[in-house]
Amino acid sequence: MGLAELVLLAVGLSMDAFAVSICKGLGMKKINLKVAVVLGLFFGGFQAGMPAIGWALGSQFMGIIGPIDHWIAFILLAFIGGKMLWETFTEDENEDEGDGKDAEKIDLGEYLILAIATSIDALAVGISFAALSVDIVPSVSLIGVTTFIFSVAGVAIGHTFGARYEKPATIVGGVVLVLIGLKILLEHLGILAL
């Protein structure tokens with residue numbers, strides 16, 4: 001696998017994380033670099049880690065998770081997207097109570113779920129790396145750095161639009177997460193061929 005193919009693969013793998021990062025930025029009243037960097041580190045780390053795990057464990061592990069990886073990604077993304085929608089529609093009732101949950105705060109549990117959901121398909125990439133005898137360290141490093149950059153940029157892009165249209169943007173963000181999960185599920189079930 002050449003460098004150009006690897007760069008294209010890294011960009012392709014980072015797209016789900018990029019979309020989710022945009023969704024996180026949509027809910028920000030002001031840009032928070034710390035949140036963007038932490039989110040980028042989660043996404044970049046998992047996008048690099050999953051192929052490394054897939055490469056290390058090879059097809060044995062894929063035999064276990066392969067048949068259900070699309071369901072796992074769908075459930076996790078639908079849960080987070082549904083949670084965003086729920087909080088948006090119940091926000092008016094609790095607006096004065098100030099529950100402390102907003103996009104500017106770092107929620108490590110949520111970031112972990114999002115990072116796993118957006119990187120689970122990268123396990124298969126790692127298995128293909130093993131089959132193709134790809135040099136794993138530079139490959140996963142490039143994937144991780146690319147995803148980090150796209151994730152931080154996604155938060156900034158999302159914030160640009162979300163600062164003006166906070167509630168509708170958060171609704172769109174939640175719906176997009178659910179749709180990303182649905183797309184992953186439908187592609188793996190062979191219903192949607194992209």
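All values below were derived from every heavy atom in this structure, side-chain atoms included, with hydrogens, water molecules and symmetry-related copies excluded.
- When the side chains of ILVMFWY residues are joined at heavy-atom separations under 4.5 Å, either directly or via intervening members, Phe18 and Leu26 end up in a single hydrophobic cluster.
- Using a 4.5 Å cut-off between side-chain heavy atoms of Ile, Leu, Val, Met, Phe, Trp and Tyr, with links allowed through other members, Ile157 and Val152 fall into different hydrophobic clusters.
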Scan the side chains in residues 34-54 for donor-acceptor partners under 3.5 Å anywhere in the protein, sequence neighbours excluded, and list what turns up.
residue: Gln47; atom: NE2; partner: Leu13; partner atom: O; Å: 3.0
residue: Gln47; atom: NE2; partner: Thr118; partner atom: O; Å: 2.9

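- Residues passing the side-chain contact (heavy atoms from CB on, under 4.5 Å) test with Ile149, sequence neighbours excluded: Val145.
- Using a 4.5 Å cut-off between side-chain heavy atoms of Ile, Leu, Val, Met, Phe, Trp and Tyr, with links allowed through other members, Val140 and Val7 fall into the same hydrophobic cluster.
- For the side chain to side chain contact (heavy atoms under 4.5 Å, CB included) test with Ser139, the passing option among Val125, Leu6, Leu9 is Leu6; the others fail.
- Hydrophobic clustering, with ILVMFWY side chains joined whenever heavy atoms are under 4.5 angstrom apart, groups Leu112 together with Leu114.
- Neither Val134 nor Leu8 shares a network with the other; the hydrophobic side chains, linked directly or stepwise wherever heavy atoms of I, L, V, M, F, W or Y lie under 4.5 Å apart, form separate groups for each.
- For the pair Thr146 (side chain) and Ile143 (backbone), a donor-acceptor distance under 3.5 Å is absent.
- Across all their heavy atoms, Ser14 and Val11 have their closest contact at OG-O, 2.8 Å.
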